[in-house]
Amino acid sequence: MNHRFSNTRKTRPNFTKYGAISCYHTEIMCGIFAYIGKPKSIKLALGWLQTLEYRGYDSCGVCFKTKKGLKIIKTVGGVDNLTKQLRTLNGVVSNRIIAHTRWATHGKVSTLNAHPHTSCNNEVAVVHNGIIENFNKIKSKLRNHKFTSQTDTELIAHLVEDEIKKNKSAKDIIKYLYNLIEGSYAIVIFLDSRDEIILLRKDCPLVVGLNNSEIYICSDSQAISNFVNRIIYLHNNTGAIIKENQIRFVNSLGLPVSVQEEAVQKHVENSGNKKYKHHMLHEIFEQENLIYTAINHRLKDLKNDGIIDFSRCSHDALSNVKRIVIFGCGTTYHACLYGSYLMRELLGIHTEAWIASELRYSKYIHSPNTLYIGISQSGETLDTLQIVWSLKERGEKVLGITNSPSSQLAKESDYVILMKAGREIGVAATKTYTAQLLELMFFTMMLAQKQKINTKFYIRPLEKLPAAVSNILKRHDEIRDLAEKFYRHKNYMFIGRKFNVPTAYEGALKLKEITYLHAEGYAGGEMKHGPIALVDKELITFAVAPEDPIFSKIESNISEIKSRGGKIICITTSKQLNTDEMFLIPTNHEFFYPLLCIIPLHLFAYHVADLLGREIDKPRNLAKSVTVE
Ligand code: M6R
């Protein structure tokens, strides 16, 4: 049994026993950043911390070494709040900095609960991602310490303080902590009196970056890739001791281990977003180039009768697929659902789409020649990763589709498709959704080629997509006008049929995610089975209604809503449609409409959120990468 499943929470049933996909529970949101080297500006370090806010942004903190001991500044809210507090410290530098951004799981959002946490004598500072499962048991034995927060993390600072008093070496402290702490964690501990930094890692990502005499520590390799030469991905149960800018690696027994240094893949930053009010808007507009590039690249093979090339994706292993299971979460699940419609339709292969958190607790049913496809733009979504780990244990083959080459999904899948959408900063997924649709389209075409299905027919519609995207984006003022007209309404319905059921779900998710308005996505045919009861003059329904082979079906759904006094906005190719408002999109093949129809819906959500004055790039309660169950 893979170690990952031996860590199951005792309070939870062991579902694997009953044949479910997996059962492991952990909580690993939050971002860690630390720096050891020549003196650096604290403000600069906070800029680096800010790139980790996608892992959570409800509170944050920084600790740095000064001549008078450790200085700690913490705040509720994002890194901008911390930077404001640092105004009085303009120009301050330090050669030891540890910082953290939090997404609360245990203990409410408060300054006291923000990391770093310190020991009673203020000589030990700790930042931590993860959960200490035997926290209560250990805490009950630490009666001589004063706890100031509700977090499990603070415990580590007190434990280490006691060990220092006993004169224990760093490697002994690592051995002691690995032996004592149950759970999953990435931990950075600063021992001020010894000027030593200790790292521990179990099941939560932690990387060390090296650049001459500078050492960077981070929960995400991408965040430090531009200023280090080499990266070490710490393995589970590996610790590190940093002293005088030298680093030693040890195992959980404190014994020396060798680690592998990897050359760094430089990360190309988004540029040009200054032109846009928000990252989300910039990312929607970036699609024009991204879609053009992705389509041209893939179409070459299709046109030249070559099998579409997916590097890191062996063709031979994919030639005999009889069943496909696709899984992901949130917006990505909508892409999975689209993929399942497309694969069934074009390949005639039994294909299922699953919400990853549901598949985890469903019975695992083996059937030969099944291809599992895990999709995650971040490649770090825990529900998705857990399925991948579980499937690999069972000897199944997994294809990962991700936007992050250094992610756990990319590293642990048998085959990988990299989306190349560029980093998406806005929490709301937009360009990565269309990138997922594109990869699924071309991957399906590739499987079709292997089955000798004629794919030539799709070349022309695919060629037309980039111009269609440009056309939609050029008319984005029309969407702004619609948003201005309707943003005061509180309830929205999104409907679509077949390939555009996922579009309807996605339109609704995006609206609720960034505007906090109530929105539901439905398959149009389902309206009369219940949701039509909601229709009144206040309810706004978006109908995704391109002229595809079942256009008449969505037309009927639209009439049923209109005749009950509901307001309808149609995303359509037909000027003749009987609707209150419409946004016209260029004609294409039914397979590819979802890529076009979603853009006006994402734009609508954006403009409504903007008119309502929402925090568009960082909606409340959310994080970009959901690394908790
Ligand atoms: O990184 P992933 O693709 O695995 O993320 C999955 C979801 O958390 C994500 O799509 C989420 O629903 C977005 N915030 C939606 O905009």
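In listed order, ligands and their atoms are each counted from 1.
For the pair Ala429 and ligand 1, the shortest N or O to N or O distance falls below 3.5 Å. Where the criterion is an N or O separation shorter than 3.5 Å, residue side chain and backbone included, Val427 meets it with respect to ligand 1.
Tyr341 carries Arg344 over the face of its six-membered ring, with the cationic atom under 6.0 Å from the centre and within 45° of the normal. Geometrically, Arg394 engages Tyr364 in a cation-pi contact, judged by NZ or CZ lying under 6.0 Å from the ring centre and within 45° of the ring axis.
Contacts of Glu380 with ligand 1, taken as heavy-atom pairs under 4.0 Å, are absent altogether.
Close approach to Gly330 involves these atoms of ligand 1, each under 4.0 Å from a residue heavy atom: 12 (O). Short contacts between ligand 1 and Lys510, defined as distances under 4.0 Å to a heavy atom of the residue, involve ligand atoms 15 (C), 16 (O). Residue Ala428 has at least one heavy-atom neighbour below 4.0 Å for each of these atoms of ligand 1: 16 (O). Atoms of ligand 1 lying under 4.0 Å from at least one heavy atom of Ser376, given by number and element, are 1 (O), 2 (P), 3 (O), 4 (O).
Checked against the 6.0 Å centroid criterion, the rings of Trp48 and Tyr216 qualify as a close aromatic pair.
Using 4.0 Å as the threshold, Gly328 has no heavy atom nearer than that to any atom of ligand 1.
Ring pair Tyr433/His334 is perpendicular by interplanar angle, where above 60° counts as perpendicular and below 30° as parallel.
For the pair Glu380 (side chain) and Gln408 (backbone), a donor-acceptor distance under 3.5 Å is present.
When the salt bridge (Lys or Arg N to Asp or Glu O under 4.0 Å) test is applied to Glu526, no partner is found at least two apart in sequence or on another chain.
Residue pairs satisfying the salt bridge (Lys or Arg N to Asp or Glu O under 4.0 Å) criterion with at least one member in residues 612-622, sequence neighbours excluded, are listed as follows: Glu53-Lys618.
With atom 4 (O) of ligand 1 as the reference point, the heavy atom nearest to it among Leu382, Ile401, Thr381, Thr331 is part of Thr381.
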